[in-house]
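To start, the structure under review is shown below, and the notes come after it.
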Amino acid sequence: MPQLSRRAFAGALPLGLIGGSLLGGGLLGDAAARAATQEAAKAPVAMNPFAQIRIGRFTVTALTDGYADMPYDYFPGRSAPEVERAASAQFTARPSGVRFLFNQYLVEDGERRILIDAGAAGSIGQTGQLPQALAALGLKPDKIDAVIVTHMHQDHMGGLVLGGKNNYPGAELYIDRRDITHWTDPAKRNGAPEYLQTSFRMAEEVVRLYPRLQAIDGEREIMRGVSIVDLTGHTPGHIGVRVEDGGKSMIMVSDMIFPVVHPAATDVFFLFEQDRAAAKAMRDRFFPRAASEGALIAATHMPFPGLGRVVADHGEMRWQVADWALQD
């Protein structure tokens, strides 16, 4: 891992920051301002948030497909009451579990558009918002040049197929060969628990419907400044994506980091994790190195926009949310 930037550069404000006190200041009278504020408070929040940073020549836009609450007993290595207490202390507890976001990242350099992961597309929780998020940027799926799938769990590839059809017809698709082999193996599927069956079914559809699928063997560069990072453990072919240019860098680490439990502990897992020993070993290596280098990280399930750093604090690792807006 190279020495990475300690700063994120903003290209836009989140949509949710528009409004509020701007209605005052003489533009509207007090009564009109109060009335407008009251009406706004009654209206449902129907926007798709996004956040943008600059990494050299790249614009990276964080999008979200939605969210789901993961039951407290989905974290092997800690009891459900322990996880719930930790979630309550971090203000991420919900009645049904830990709030997980499903963040995706659009990488653009003026020539190509690369989407990192495709969301759950309604297969889990309150998801399926990625198409609207792209539309808010003026983009349709056929304008995406490439999709990198960090691993073949349903919440990362669900949006690749819509109505039995290829949803990104103009895109090259990059997936680690080890994951393709695993998730299309009938023997593996027959021996897998019920909660993984949707991922096996989706994997078969993806392989069948994407003729431009490229099976990745190890770390490689997808295009200048966008490269694959091997993070195997969570699944056999779990990968990350490094975006690097102009002395700045960001690593999208997918499911290396889960809310509440990481990075403080590496002996806590998630139910869907298939090789816990390998996942722990990878986190044991990655977290200290990321902390020592100040790596800017993008993580799928952390609170939107999922940007932060692993920092060492009095001998313990913790997640530090990264500044991304109004940075120079």
Sequence neighbours left out, what pairs pass ring pair (Phe, Tyr, Trp, His ring centres under 6.0 Å) with at least one residue falling in residues 184-204?
His182-Phe200, Trp183-Phe200, Tyr195-Phe272
Are the side chain of Asp275 and the backbone of Ala278 linked by a donor-acceptor contact shorter than 3.5 Å?
yes
Shortest non-hydrogen separation from Ala299 to Trp319 and the atoms involved
CB-CH2, 4.4 Å
May I ask you to check whether Gln214 and Arg212 show a side-chain donor-acceptor distance below 3.5 Å?
no
Tell me which pairs pass side chain to side chain donor-acceptor pair (under 3.5 Å) where either residue lies in residues 131-141, with sequence neighbours left out.
none
So, does Asp142 use its side chain to make a donor-acceptor pair with the main chain of Tyr168 at under 3.5 Å?
no
With salt bridge (Lys or Arg N to Asp or Glu O under 4.0 Å) as the test, would you mind laying out the steps for Lys280 and Asp284 before giving the verdict?
CA-CA 6 Å; Lys280 182 181 186 305; Asp284 283 337; 2.8 Å; yes
Counterpart residues, side chain to side chain contact (heavy atoms under 4.5 Å, CB included), relative to Arg57 (two or more places apart)
Asp109, Met223, Arg224, Asp245
Do any pairs count as a ring pair (Phe, Tyr, Trp, His ring centres under 6.0 Å) and have a residue in residues 111-151, sequence neighbours left out, and if so which ones?
His151-His153, His151-His156, His151-His234, His151-His238
Roughly how far, to the nearest 0.5 Å, is the CZ atom of Arg94 from the OG atom of Ser88?
10.5 Å
Do the side chains of Tyr67 and Phe100 get nearer than 4.5 Å, heavy atoms only?
no
Look up atom CD1 in Ile116 and atom OG1 in Thr150, then write down how far apart they are to the nearest 0.5 Å.
8.5 Å
For the CG atom of Asp267 and the CZ atom of Arg283, what is their distance to the nearest 0.5 Å?
10.5 Å
Would Met250 and Leu307 count as a side chain to side chain contact (heavy atoms under 4.5 Å, CB included) here? Give the steps.
CA-CA 9 Å; Met250 182 196 82; Leu307 297 172; 4.0 Å; yes
Given side chains that start at C-beta, do those of Leu130 and Leu134 come closer than 4.5 Å, heavy atoms only?
yes
Decide yes or no on side chain to side chain contact (heavy atoms under 4.5 Å, CB included) for Phe286 and Leu231, but give the supporting numbers first.
CA-CA 9 Å; Phe286 184 86; Leu231 299 176; 4.2 Å; yes
Correct closest heavy-atom pair for Pro76 and Leu271 would be CD-N, 3.8 Å
N/O donor-acceptor pair under 3.5 Å between Ser249 side chain and Glu244 backbone:
no
Check Glu172 with Arg112, please: is the shortest side-chain N to carboxylate O separation under 4.0 Å?
yes
Residue set satisfying side chain to side chain contact (heavy atoms under 4.5 Å, CB included) with Val261, at least two apart, ordered chain then number -> Phe75, Phe258, Val268
Could you give the distance from CE (Met202) to CD (Gln197), rounded to the nearest 0.5 Å?
12.5 Å
Donor-acceptor pair, side chain of Asp65 and main chain of Gln129, under 3.5 angstrom:
yes
Could you pull out all residues at least two apart from Ala80 that satisfy side chain to side chain contact (heavy atoms under 4.5 Å, CB included)?
Tyr72, Asp73
Closest non-hydrogen atom pair, Ala120 against Thr127:
CB-OG1, 3.6 Å
Before you tell me yes or no, could you show the steps for Asp145 and Arg113 under salt bridge (Lys or Arg N to Asp or Glu O under 4.0 Å), namely the whole-Å CA-CA distance, both residues' side-chain angles and the distance that decides it to 0.1 Å?
CA-CA 5 Å; Asp145 299 299; Arg113 296 188 180 100; 5.4 Å; no
At their closest point, which heavy atom of Asp117 faces which heavy atom of Gln104, and how far apart are they?
O-CG, 3.4 Å
Taking Glu316 for the side chain and Asp313 for the main chain, is one N or O donor matched with an acceptor at less than 3.5 Å?
no
Report yes or no: do Arg220 and Ser227 form a side-chain donor-acceptor pair below 3.5 Å?
no
When you check the gap from the basic side-chain N to the acidic O, do Glu293 and Arg289 get nearer than 4.0 Å?
yes
Would you find a donor on one side and an acceptor on the other, under 3.5 Å apart, between the side chain of Asn167 and the backbone of Leu160?
no
Any donor-acceptor N/O pair, Gln90 side chain to Val260 backbone, under 3.5 Å
yes
Check against ring pair (Phe, Tyr, Trp, His ring centres under 6.0 Å), Phe58 and Tyr105:
CA-CA 12 Å; Phe58 294 106; Tyr105 299 89; over 10 Å; no
Side chains of Gln274 and Thr235: any donor to acceptor distance under 3.5 Å?
no
Indicate the atoms forming the closest heavy-atom contact of Ala215 with Ile180, along with that distance.
CB-CD1, 3.8 Å
Does Arg201 come within less than 4.0 Å of Glu205, counting only side-chain N to carboxylate O?
yes
Approximate separation, where rounding is to 0.5 Å, of Asp176 CG and Ile148 CD1:
12.0 Å
Distance col, row Met157:CE vs Ser199:OG, nearest 0.5 angstrom, shows 5.0 Å
Thinking salt bridges, do Arg178 and Asp230 make one under a 4.0 Å N-O criterion?
yes
Output yes when a side-chain donor or acceptor of Tyr210 lies under 3.5 Å from a complementary backbone atom of Val161, and no otherwise.
no
Apply the test side chain to side chain contact (heavy atoms under 4.5 Å, CB included) to residues His301 and Asn103: give CA-CA distance (whole Å), side-chain angles for both, the deciding distance (0.1 Å), then the verdict.
CA-CA 6 Å; His301 299 300; Asn103 301 317; over 6 Å; no
Thr64 side chain to Phe102 backbone, donor-acceptor under 3.5 Å
yes
Looking only at side-chain N and O atoms, does Ser123 offer a donor or acceptor that is under 3.5 Å from a partner on Gln154?
yes
What one should report as the nearest heavy-atom pair of Ala291 and Met317 is CB-SD, 4.0 Å
Can you check side chain to side chain contact (heavy atoms under 4.5 Å, CB included) on Val83 and Val98, steps first, answer last?
CA-CA 8 Å; Val83 175; Val98 177; 4.0 Å; yes
Pro186 backbone acceptor or donor facing Asn190 side chain under 3.5 Å
yes
